[in-house]
Amino acid sequence: MSGKVKVAVLGATGMIGQRFVEMLEDHPYFEIEGLYASERSEGKRFGDTLKVRDYNYKQETLDMKISKMDVDHISKACRIAFSGIPSELAGPTETELAQKGVAVFTNAGSHRMDPHVPIIVPEVNTDQFCSIKDQDTYGNGGYIVTNANCSSTGIVVPLRALNDAFGLNEVFVSTYQAISGAGYPGVPSLDIVGNVIPFISHEEEKMETELAKMLGTYADGEFKYAGFKVMANCARVPVIDGHTESLVIDMKESPSIEEVAKVLADFRGEPQKLGLPSAPEQPIIVRAEENRPQPIYDVFAGTPDRARGMASSVGRIRCSNGYYKMWVVSHNTLRGGAGGSMLNAEYAYKKGIL
Ligand SMILES: NC(=O)c1ccc[n+]([C@@H]2O[C@H](COP(=O)([O-])OP(=O)(O)OC[C@H]3O[C@@H](n4cnc5c(N)ncnc54)[C@H](OP(=O)(O)O)[C@@H]3O)[C@@H](O)[C@H]2O)c1
């Protein structure tokens, strides 16, 4: 017996599920009980389903078998379910798991706007974790914690740092989102190679609401959304991994560029203070070069090794006409996906909420 918490990975043959498996190898708190997907994948060897191509899994992981998702079995065998399944399936499945006493940490969007379900990025809003106590299932140990969609996650940590230091009035964001954000096999190659698609279904609405929810508060049983405006334009670009985002920000105060860079680089949150295993030592890396950040160089930013791809890289910080401008790159399936849920579960473990 390892004494580690047993976890299920839902959607283990998909882009997010395989990042969960990567992050769970030799994890100090958690141990994989089972890898789950649809009946199409039942009985397959994990190594024969690989979508992640930049990480070498251990042989014993490659030899694990995929099981068909079975909520009854998972609820008996596991304390945690890490979820990387499509939204339409995640809605009822995650509710059922929580009802059966499982702590669900999910990437899917279906529960993000539920009244007592938090969207947590632990550098930003661990104070909202208390909302799980108002979920109907909390009494029997089950609850749902979501992380934000991948484009919101990349910028919410820098926005938290800037809001705390200088106050935000308005945020205009334009995204250049990687193909892996659409799951596997994602956007058809004939649509995306040599092209930019200025439409990602529901992405702009998600960014505008999720950022306001995360940067707001939870009190008296309800979320109060942050008061500043967010306006988003989202596009898909022919990049494999790593969302690039352009920010134009109106702030209440008028700091110098150097002050803005220092606030970002010095920012540390709860995961850093608690020393969580997947927490990047420096969550925001400020690049001084004139042509960074770029996904090709910066997508795996983050140290130590367990936190690779968990830092946001910010660069080209400028000010014109009273607006602050900058670019951000972050990993959409690590920081913006599985890594977000992993950090949330590590926080819950460390705080004794499991
Ligand atoms: N990709 C990103 O950057 C990103 C970021 C944040 C959040 N998300 C969210 O995370 C979730 C997973 O996304 P993804 O990109 O990993 O998608 P994906 O690559 O398409 O993977 C989907 C997974 O769900 C499984 N699945 C599908 N139907 C199922 C069923 N009926 N029963 C059990 N398992 C089933 C698939 O198994 P089979 O192989 O057996 O079909 C596969 O393992 C989605 O809700 C997505 O919106 C994605």
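In each ligand, atom 1 is the first atom listed, and ligand 1 is the first ligand listed. The first residue of the sequence shown is numbered 1, and numbering continues consecutively from there.
- Looking at Met15 against ligand 1, both its backbone and its side chain come within 4.0 Å, counting heavy atoms.
- Between Arg308 and Asp305 no salt bridge is recorded (no basic side-chain N to carboxylate O distance below 4.0 Å).
- Here the protein heavy atom with the shortest distance to atom 9 (C) of ligand 1 is Asn107 O, 3.5 Å.
- Just one residue in the list Ser313, Ser312, Ser330 forms a side chain to side chain contact (heavy atoms under 4.5 Å, CB included) with Pro293, and that residue is Ser313.
- Considering only non-hydrogen protein atoms, atom 28 (N) of ligand 1 sits nearest to Arg40 NH2, 3.5 Å.
- What sits closest to atom 1 (N) of ligand 1 on the protein, heavy atoms only, is Ser180 O, 2.9 Å.
- Taking every heavy atom of Thr13 and a limit of under 4.0 angstrom, the matching atoms of ligand 1 come to 36 (C), 37 (O), 38 (P), 39 (O), 40 (O), 42 (C), 43 (O).
- Taking the six-membered ring for Trp and thresholds of 30 and 60 degrees, Tyr347 and Phe129 have ring planes inclined between 30 and 60 degrees apart.
- Residue Thr333 has at least one heavy-atom neighbour below 4.0 Å for each of these atoms of ligand 1: 1 (N), 2 (C), 3 (O).
- Taking the six-membered ring for Trp and thresholds of 30 and 60 degrees, Tyr218 and His116 have ring planes more than 60 degrees apart, a perpendicular arrangement.
- Put simply, no part of Gly109 is less than 4.0 Å from ligand 1, judged by heavy atoms.
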* **Verdict with reasoning, Tyr176 to His243, per ring pair (Phe, Tyr, Trp, His ring centres under 6.0 Å)** => CA-CA 6 Å; Tyr176 304 65; His243 289 353; over 10 Å; no
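- By the criterion of a heavy-atom distance under 4.0 Å, the side chain of Leu89, and not its backbone, is placed next to ligand 1.
- Those atoms of ligand 1 that come under 4.0 Å of a heavy atom in Ala108, given as number and element, are 45 (O).
- Atoms of ligand 1 found under 4.0 Å from any heavy atom of Tyr184 (numbered from 1 in listed order, with element): 18 (P), 19 (O), 20 (O).
- Of all protein heavy atoms, the one lying nearest to atom 21 (O) of ligand 1 is Gly14 CA, 3.2 Å.
- Using a 30° and 60° split on the angle between ring planes, Tyr29 and Tyr349 fall in the parallel class, below 30°.
- Checking only distances, Ile16 does come within under 3.5 Å of ligand 1, N or O to N or O.
- Between Gly84, Gly11, Pro185, it is Gly84 that holds the heavy atom closest to atom 22 (C) of ligand 1.
- Heavy-atom minimum distance, Leu159 versus Ile249: CD2-CD1, 4.0 Å.
- By the 4.0 Å N-to-carboxylate-O rule, Lys262 lies too far from Glu259 to be salt-bridged with it.
- Atoms of ligand 1 found under 4.0 Å from any heavy atom of Ser87 (numbered from 1 in listed order, with element): 45 (O).
- Between the choices Ala90, Ser38, Ala12, the shortest heavy-atom distance to atom 34 (N) of ligand 1 belongs to Ser38.
- Ion pairing of Arg160 with Glu123 is absent here, as no side-chain N (NZ or NE/NH1/NH2) approaches a carboxylate O to less than 4.0 Å.
- In this structure, atom 46 (C) of ligand 1 has no protein heavy-atom contact shorter than 4.0 Å.
- Every atom of ligand 1 is numbered from 1 in the order shown, and the set under 4.0 Å from a heavy atom of Ser41 is 38 (P), 39 (O), 40 (O).
- Residue Met69 has at least one heavy-atom neighbour below 4.0 Å for each of these atoms of ligand 1: 33 (C).
- Remark: ligand 1 and Ile85 share an N or O pair separated by less than 3.5 Å (distance only, no angle test).
- Under the 4.0 Å criterion applied to side-chain N and carboxylate O atoms, Asp72 and Lys100 are assigned as salt-bridge partners.
- With a 6.0 Å cutoff to the six-membered ring centre and a 45° limit on the axis angle, Lys4 does not count as a cation-pi contact of Phe30.
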* Could you check Asn149 against Glu203 for side chain to side chain donor-acceptor pair (under 3.5 Å), going step by step and ending with a plain yes or no? => CA-CA 8 Å; Asn149 79 320; Glu203 194 76 351; 3.0 Å; yes
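- Among all protein heavy atoms, the one lying closest to atom 6 (C) of ligand 1 is Gly336 O, 3.3 Å.
- Among protein heavy atoms, atom 15 (O) of ligand 1 sits closest to Gly183 CA, 3.0 Å.
- For ligand 1, the atoms closer than 4.0 angstrom to any heavy atom of Pro86 are 24 (O), 26 (N), 27 (C), 45 (O).
- Judged purely by distance below 3.5 Å, without hydrogens or angles, the side chains of Ser83 and Asn107 never pair a donor atom with an acceptor atom.
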